[in-house]
Chemist: 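Okay, handing you the structure first.
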Amino acid sequence: MIEIEDLHKHFGAVRALDGVSLSVAAGEVVCLIGPSGSGKSTLLRCINFLEEPTSGVVRVDGNRVGWEDGGARRASARELARTRAGIGMVFQHFYLWPHMVSLENVIEGLVTVKGMPVSEAAARGRALLEKVGLADKMEAYPEHLSGGQRQRVVIARALAMDPRVMLFDEPTSSLDPELVGEVLRVMEQVAAEGRTMLVATHEMGFARKVADRVVFLDQGKILEVGTPEEVFGRPRHERTRRYLETILV
Amino acid sequence: MQLDFAVAWKYLPFLLHAALTTIALTVVSQALGTIAAFFLALARMSPRAWLRRPTIAYIWVVRGTPLLLHLFFVYYAAPAFGITLDAFPAAIIAMSASAAAYNAEIIRAGLQAVHRGQVEAAYAVGMRYGQVVRRIIVPQAVRIIIPPYMGNAISHTKNSSLASVITVPELMLTAQMIYSSTYRAIEILTVTGAIYLVLTSCLSALQMYCERLTAYEQRGLGEGRRRRLRLDAPLPTLPA
């Protein structure tokens, strides 16, 4: 589903990604863990080309992201938009559009990008909002929602496009601790439906329970990949061990 | 000193008629200037230097020189380039050019105040640049822009009096003509000032109305939007 080959992303002298290769199968849930600044976010942002990689290849469904004609030339804006429409993204800071109510946020992509009639999109959006437990918040502006509710709207907004892949960029890192659970439960539900997910997170409990594989990143490099049992139970790398010690205390 | 407001009353129809010219001059130049300003603002933020640099230069020159000079320039200097214009169109051109420069910076500030994450979220669902501008950036920017934009529109209204120097028969020139023949400067200027005050007060009221209109989260969904979203229909179930 996703193949990443020798991905580099440099910001000036900083190597945010320093040769990352990873492949994610359809239906797989992969959690990215690692200290702040290890490159988790950058990796996700390169997958949907919000950041343009310095070098390396990202393929989603066999198509090289940001390029067309089999990688012969740069993708047009139209092509890039089409690719992004098939990749859902959930941001740490939500980025709901404040001038639209929840339901409008959820259906915006369907209406504007896919050209679906509002009535049809709204029916789908309402069902999705109910699924994430927000049937009573359809008409609420983001400003009037709690962080956990906002993030669930964001997940519904991404799911509305029926993406092949869902990227989660630290979805619970800016939430109050008591609101983390409701978002993780929705993510678990999405994973249980068999959607391919790539999740950058500090929630080790979630990674342990839901992930098929866990990837440990440090200084832009993948240090360790394995099942949750392997990475959490028998980390091979000294850095992984130290990181897990600091976070699991 | 004896005041004779009967004179002002007698000439009031002339002043009101001239006020229509002032309104036309202001509204048309502000409208043209705003449309141009929107594109100038986008060009000013462009990563392409060939778009950005001329825009910066234009704003720098036009904001840095007096409107009075622009009016003279278009009206008196244009014939040297083989273009002869009547006073009114000349004033429209000069005032639109000026409004464009000022409004471009106001609009740019509003567009840039929209958080980058808002824009990224829109790209992430597959929107293209034009859609992002139309659906995400402009609706949020409008709210930020209203107060400085309307403040500028009020200045622009008052600055239209400068068009009197190139013989546009607007409110100020008409007032001057009346008091120089009646010698009733105090009365005529008082009434003229009152007319300007009415015009600018309308703009202040419009500003308050627009601010209320865009305070979306306090107004909730209107009936029209509720109906469009079929919010009263029974909740559908998602196909498995």
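Letters go in sequence order (proteins before strands), and every chain restarts at 1.
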Chemist: Out of Pro98(A), Gly109(A), Ala85(A), return the one with the most heavy atom pairs under 4.5 angstrom to chain B.
Modeler: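 When all of Pro98(A), Gly109(A), Ala85(A) are compared, Pro98(A) has the most.
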Chemist: Cation over ring, Arg74(A) on Trp67(A), under 6.0 Å and within 45°?
Modeler: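 Because its charged atom sits under 6.0 Å from the ring centre and within 45° of the axis, Arg74(A) does stack over Trp67(A).
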Chemist: Specify which of Arg84(A), His93(A), Arg45(A), His99(A) makes the most heavy-atom pairs with chain B at under 4.5 Å.
Modeler: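 With the most close heavy-atom pairs to chain B, the winner is His99(A).
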Chemist: Looking at Lys137(A) and Pro142(A), would you say the former's side chain and the latter's main chain have a donor-acceptor pair under 3.5 Å?
Modeler: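 Not at all, since once roles are kept as given, no pair shorter than 3.5 Å links the two residues.
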Chemist: What residue, out of Arg157(A), Met89(A), Met161(A), Glu143(A), has the most heavy-atom pairs lying under 4.5 Å from chain B?
Modeler: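 The answer is Glu143(A).
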Chemist: Report the option among Arg228(B), Glu120(B), Arg134(B) that has the most heavy-atom pairs separated by less than 4.5 Å from atoms of chain A.
Modeler: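 Going by pairs under 4.5 Å, I would pick Glu120(B).
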Chemist: Between Glu79(A) and Arg82(A), does any side-chain N to carboxylate O distance fall below 4.0 Å?
Modeler: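 Here Glu79(A) pairs with Arg82(A) in a salt bridge, since their nearest N and O are under 4.0 Å apart.
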Chemist: Does any heavy atom of chain B fall under 4.5 Å from the side chain of Leu103(A), the backbone, both, or neither of them?
Modeler: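 Contact with chain B: side chain only.
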Chemist: If you count heavy-atom pairs under 4.5 Å between each of Val90(A), Thr112(A), Leu96(A) and chain B, which one has the most?
Modeler: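 If we count pairs closer than 4.5 Å to chain B, Thr112(A) comes out on top.
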Chemist: Which residue out of Met138(A), His144(A), Glu104(A) racks up the most heavy-atom pairs below 4.5 Å with chain B?
Modeler: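 Looking at each option in turn, the highest pair count goes to Glu104(A).
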Chemist: Assess the side chains of Ser173(A) and His202(A): does a donor N or O sit below 3.5 Å from an acceptor N or O?
Modeler: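 No, because no side-chain N or O of Ser173(A) sits under 3.5 Å from a partner of the opposite role on His202(A).
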Chemist: Based on non-hydrogen pairs under 4.5 Å, which of His115(B), Gln118(B), Gln140(B) is most in contact with chain A?
Modeler: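 Looking at each of His115(B), Gln118(B), Gln140(B) in turn, Gln118(B) comes out on top.
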Chemist: Can you tell me which portion of Arg143(B) sits under 4.5 Å from chain A's heavy atoms? Options are side chain, backbone, both or neither.
Modeler: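 Answer is neither: Arg143(B) stays 4.5 Å or more from chain A.
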Chemist: Whether the Thr34(B) and Tyr149(B) side chains hold a donor-acceptor pair (N or O, under 3.5 Å, no angle test) is what I'd like checked.
Modeler: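 The answer is yes; a qualifying pair exists.
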Chemist: With no hydrogens and no angle check, do the side chains of Thr26(B) and Gln30(B) hold a donor and an acceptor under 3.5 Å apart?
Modeler: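 The answer is no; no qualifying pair exists.
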Chemist: What part of Tyr95(A) gets within 4.5 angstrom of chain B, counting heavy atoms only: side chain, backbone, both, or neither?
Modeler: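 Tyr95(A) touches chain B through backbone and side-chain heavy atoms alike.
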Chemist: Quick one about Glu211(B) and Gln207(B) (side-chain donor to acceptor, distance below 3.5 Å, no hydrogens or angles considered), yes or no?
Modeler: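 Indeed, the side chains of Gln207(B) and Glu211(B) share at least one donor-acceptor pair under 3.5 Å.
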